[in-house]
Amino acid sequence: MKRLIFLFLLSSQFALAQKPATVFVEAESFENKGGWSIDQQFMDVMGSSFLMAHGMGRPVENASTTVTFPETGTYKVYVRTRNWSAQWSDKDAAGQFQLLVNDKPLGKTFGKDNEKWSWSEGGTVKITRKENKISLKDLTGFNGRCDAIIFTSVPNFKPIEDKERLTEYRNAYFGFDKNPKNAGTFDFVVVGGGMAGTCSAISAARKGIKVALIQNRPVLGGNNSSEVRVHLGGRINLEPYPALGNLVNEIGPSEGGNAQPKEYYEDDKKMAAVLAEPNISLFLNYHANKVETNGSKIEKVYATNIETGEKVYFEAPLFADCTGDGTIGFLAGAEYMTGRESRDVYGEKTAPEVADNLTMGASVQWFSEKKDHPVSFPDIKWGLPWNEAKAEEITKGDWEWETGMGLDMTLDFEQIRDYGMLAVYSNWSYLKNRAENKEKFAHDALKWVAYVAGKRESRRLKGDYVLIEQDLTDQRVYPDGTAPTSWSIDLHYPDPENSKLFPGAAFKSIAKHIKIYPYPIPFRCLYSKNIDNLMMAGRDISVSHVALGTVRLMRTTGMMGEVLGMAAAICKEENTTPRGLYQNYFPKLEAMMIEGVGDPTLPKDQDYNLGGTLMEVVK
Amino acid sequence: MKLIVSFLMGLAGLLTYLGNRPGPAFEIETKNGGSFEVEEVRWGDKLAKYSANIMAPVCEEGICYNVNVVFNWNLIGEFIDYQVQPYDPLTKLDHKPFTLADYAKLQGILTNHDLIFTGLPADELVVKAEETVDGYSGATIEAIKDEVIDGALFTCYTLWHIANGAVVDSIRQHTQRQLDKPMIAKIIGYNTASANYYLIDHMSETQFAQNLPEIIGLIQAGKGYFPKNAIEKIPEKLFGRQEMQDFLIQNYDSLSYYTQVAALSKLQNVPLQKDLTSMLLTQISDRNSIQNQKIIALIIRNNDEEAIKKMVDHLIEKKIKLSAANYQLLQKHKVAGVEALEKI
């Protein structure tokens, strides 16, 4: 009895000795990611990048990290996660996982509770030492996701749900906002490392100015990277500036094809080209998400590291928005357009009578591979209702696996991407488990499904000129023409057949083409109307929805980048703005465009996906 | 007498026939090791087209036969049409003969340069066994099904590559070697962008000189970048001719900016008519451009004091900047008021 009382006293003393403490762990900062991937695509909307178990039906390897606790004792556990499939199904949950503390799972299974991002209670855990191994154990292989974990011994602690307040809390906890680091002073800051941004940075660097290139993924190439796997399209080396496109030819993959094995996209080639430029400082894994302006000028762009959460800022006299989403322009208050303009706005034949929000969609491509043995795939309960009529007996999903038309390509993008994946999984699960012809698919295994979705359209920043359909179809060529666009006006719409099967929620698209002559995009479409020191290249330039149909091809956006780099060098030399360049120094840009910035001696043999054009045969 | 007339008419007919009868021009080797002879077809003494009798082996899913057709091309190597021997029709899989619709579709295929399947290697036209769910191979891949004739994929593929392969360049070279004014007129009559491009890419300096009014006509009617490309190809000294300068005076405004710049580049080393200088002066715009600088350089080089003075007054009034090179040129000419101008 004595002994028991002693023990009781000791433990209560011990309990009293535990100072209330809260430990906040960011999942994306785990030391060992295992098979989990960092997903930053929606951080502006839900507040953070997160870890996701993209196993395509097979649970991925555990992610783990070591967490130091200030005190031993009992902690309540909260995990910020969501049940992503709940928006379409109330049966089970696609992405489920456990939290392991020192390799022991907590009793709770996460990823089942809430449709939206929020904190799930995980019960309590006894922490008996300061250094502890925390792991995420994927249970399903279907995109379970974890943003952050809280261990707290603070009585009545309530984790913060409000996104803004939670961001403030994180910043205060990690001290990120107190001293954002100055990333350096540059002549030109390029935000976005797709084809447009990569070419902008290389072009500017070769013209002798100091460039920062900020990319929010670990690889360069954007839609042409191995993460999205869309091949380059359109033509280079066209009139009136045949030397434009030499750089695109230098860094472009030799082989074409959508949804092909990773090597096709030659991520390393783009990376090597950037690393070879001493004038470029490359900031991979940094997501630009805050802008400081002074009047109509951007002074600083802030970026957050998608893995460590560290914040840095960039100062420069000139910035380029190559984000695709027009993020920098949007944050700086640049005028922008979204959706489809009505016919009245620009008098375009192809525009709808009434304006709407029907943008082109984002593709979630995929493919399978044949094994020499039968391969199973889970018979998912949470998928879309499927049957023989809906089943697509195919082993590869190309660009036309496109979703999100009519939704907001920035605010709704997690839903759009998830719906794309849901369609892929629903079809595949049906083919593997229930289809009449399921035997045909017995040896097929899902090899790759994109989790970084390939966007076609979001915000278009307004420039001094907005390119429209008639400019292209009537060959209204302006003296400030730059990179020539050659692809047809290629606009995508929900596939009518697929729409019948999935009313209001098609995940496949069709394309309608109007052929054009190669057309030089006016320089006035490549800088913001109301933000004096902001240029843009890529799908966020100043074009109508209809005109976007042609300029959005990646060989074309790469050539826009070549032009932007040249323009940046002239702006520095003449101490002027892009508009000042247009008004006073355009001959210099013309001379540079005639000369080009890429290696003209390389063979021009990337002849895939050139696209139909009214180009004359020059033979 | 009648007999003699009939005889002479018959002889004339025979001679005409012999004159028109195709004569072998050159031989083309095909990729599979075969070959065919291309013949000139003449009407009188004029080359009208090229023709070849094609015998090529084609296999559809392991069943092979020889196609036997006559192909015709125009003077610049564009495929025109084909004829089938009445006793030797084209066939599809399992030796089913082509229908009328198939023949029409083949004509469309052979003249189309915008098809996916013609750009693919032959082994990518059909589904490979390892890519199918049931191990069945040989089916035409989905992306090209609508483009080709069902059951005659390799007939379409083989014939397209013969019609549009190495023969095209050989014909173009063969035509170039004997290009003369009537042939140029015939090619202009094709009225296509590729015919126009053929001419500006293959005419000699003398031929440009002899056909300048026709080429100017093509520029006026040209679409896309043809006018710019044509201006760039016309030998520089022809820009000193009155008819060329008259054309520019009358049409400068309707040319695209890039064609204008190309023309200005060609004028740099030829003397300019007064009217052309006056017209160009009006083209100096308030917005700085390469065009402005080229016009300024032209006017300075042309050494017409009055025009130079007029230009400098205009530049000062409109505050138009000068390139460093033009600034130096003006200083050399010791033109009053140059100091008031700004450099780019």
Side-chain angles (χ1 to χ4, degrees), chain A residues 238-242 256 367-370 372 393-396 398 431 435 437-444 475-481 484 515-520 570 573-574 580-591 593-594 607-619, chain B residues 76-78 113-116 119-120 127-136 142-143 168-169 172 192-198 200-202 222-229 232 255-262 265 285-294 319-323 326 342 344:
Chain A
L238 300 164
E239 294 287 3
Y241 295 111
F367 64 87
S368 66
E369 65 176 350
K370 200 169 267 305
D372 54 10
E393 292 194 11
I394 52 175
T395 55
K396 176 171 174 267
D398 210 299
L431 292 184
N437 287 331
K438 67 179 182 183
E439 290 313 316
K440 277 188 178 181
F441 292 86
H443 286 67
D444 291 271
Q475 271 273 294
R476 293 197 312 216
V477 169
Y478 299 102
D480 62 328
K515 277 190 188 177
I516 60 163
Y517 281 99
Y519 180 92
I570 298 167
E573 192 185 329
E574 303 298 345
L581 186 164
Y582 166 70
Q583 289 169 338
N584 298 312
Y585 304 99
F586 202 72
K588 292 200 163 188
L589 184 60
E590 289 176 278
M593 292 191 291
I594 289 168
D607 54 1
Y608 54 87
N609 203 29
L610 301 175
T613 172
L614 295 177
M615 189 168 70
E616 306 94 330
V617 185
V618 187
K619 202 176 180 186
Chain B
I76 59 168
E78 288 171 330
H113 290 263
D114 212 8
L115 297 164
I116 301 167
L120 299 174
V127 184
K128 290 172 195 151
E130 65 267 23
E131 286 172 2
T132 59
V133 289
D134 49 9
Y136 172 76
E142 199 60 38
V168 177
D169 275 344
R172 292 164 83 87
T192 61
S194 51
N196 296 348
Y197 269 105
Y198 177 84
I200 61 168
D201 287 339
H202 293 84
K223 283 185 181 164
Y225 290 97
F226 179 77
K228 173 184 184 274
N229 295 141
E232 284 172 342
L255 299 176
S256 81
Y257 174 75
Y258 305 99
T259 312
Q260 291 172 348
V261 171
S265 303
S285 76
D286 297 353
R287 192 187 69 89
N288 278 294
S289 65
I290 256 186
Q291 171 164 247
N292 276 3
Q293 301 308 323
K294 283 189 183 287
K319 294 185 178 160
I320 294 165
K321 294 189 172 88
L322 278 178
S323 68
N326 279 338
E342 227 183 296
I344 291 177

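Every chain is numbered from 1 and lettered A, B, ... according to where its sequence line falls, protein lines coming before strand lines. Side-chain atoms are counted along with the backbone in the values below, which use heavy atoms only and exclude waters and symmetry mates.
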message: Rounded at 0.5 Å granularity, tell me how far CG in B/Asn288 sits from CG in A/Leu589.
response: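 Atom-to-atom, B/Asn288:CG and A/Leu589:CG are 13.0 Å apart.
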
If I measure from the heavy atoms of chain B, does [X] come under 4.5 Å with its side chain, its backbone, both, or neither?
| X | value |
| --- | --- |
| A/Lys438 | neither |
| A/Ile594 | side chain |
| A/Tyr478 | backbone |
| A/Asp480 | both |
| A/Lys396 | neither |
| A/Glu239 | both |

task: Among the options A/Asp398, A/Val477, A/Asn584, A/Asp607, pick out the one with the most heavy-atom pairs lying under 4.5 Å from chain B.
output: A/Asn584

message: Please rank A/Lys515, A/Glu369, A/His443 by heavy-atom pairs under 4.5 Å with chain B and give me the top one.
response: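 If we count pairs closer than 4.5 Å to chain B, A/Lys515 comes out on top.
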
query: If you tally heavy-atom pairs under 4.5 Å against chain A, which of B/Lys321, B/Gln293, B/Lys294, B/Gln291 wins?
result: B/Lys321

Testing the basics here: between [X] and [Y], what is the closest heavy-atom pair and its distance to 0.1 Å?
| X | Y | value |
| --- | --- | --- |
| A/Pro587 | B/Ser289 | CG-C, 3.3 Å |
| B/Gly224 | A/Tyr517 | CA-CD2, 3.9 Å |
| B/Tyr225 | A/Pro518 | CE1-O, 3.2 Å |
| A/Glu590 | B/Ile290 | OE1-N, 2.6 Å |

- request: Would you mind reporting whether B/Tyr258 and A/Pro520 have side-chain heavy atoms less than 4.5 Å apart?
  value: yes

Atom group of B/Glu78 that falls short of 4.5 Å from chain A, counting heavy atoms: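 The answer is neither part of B/Glu78.
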
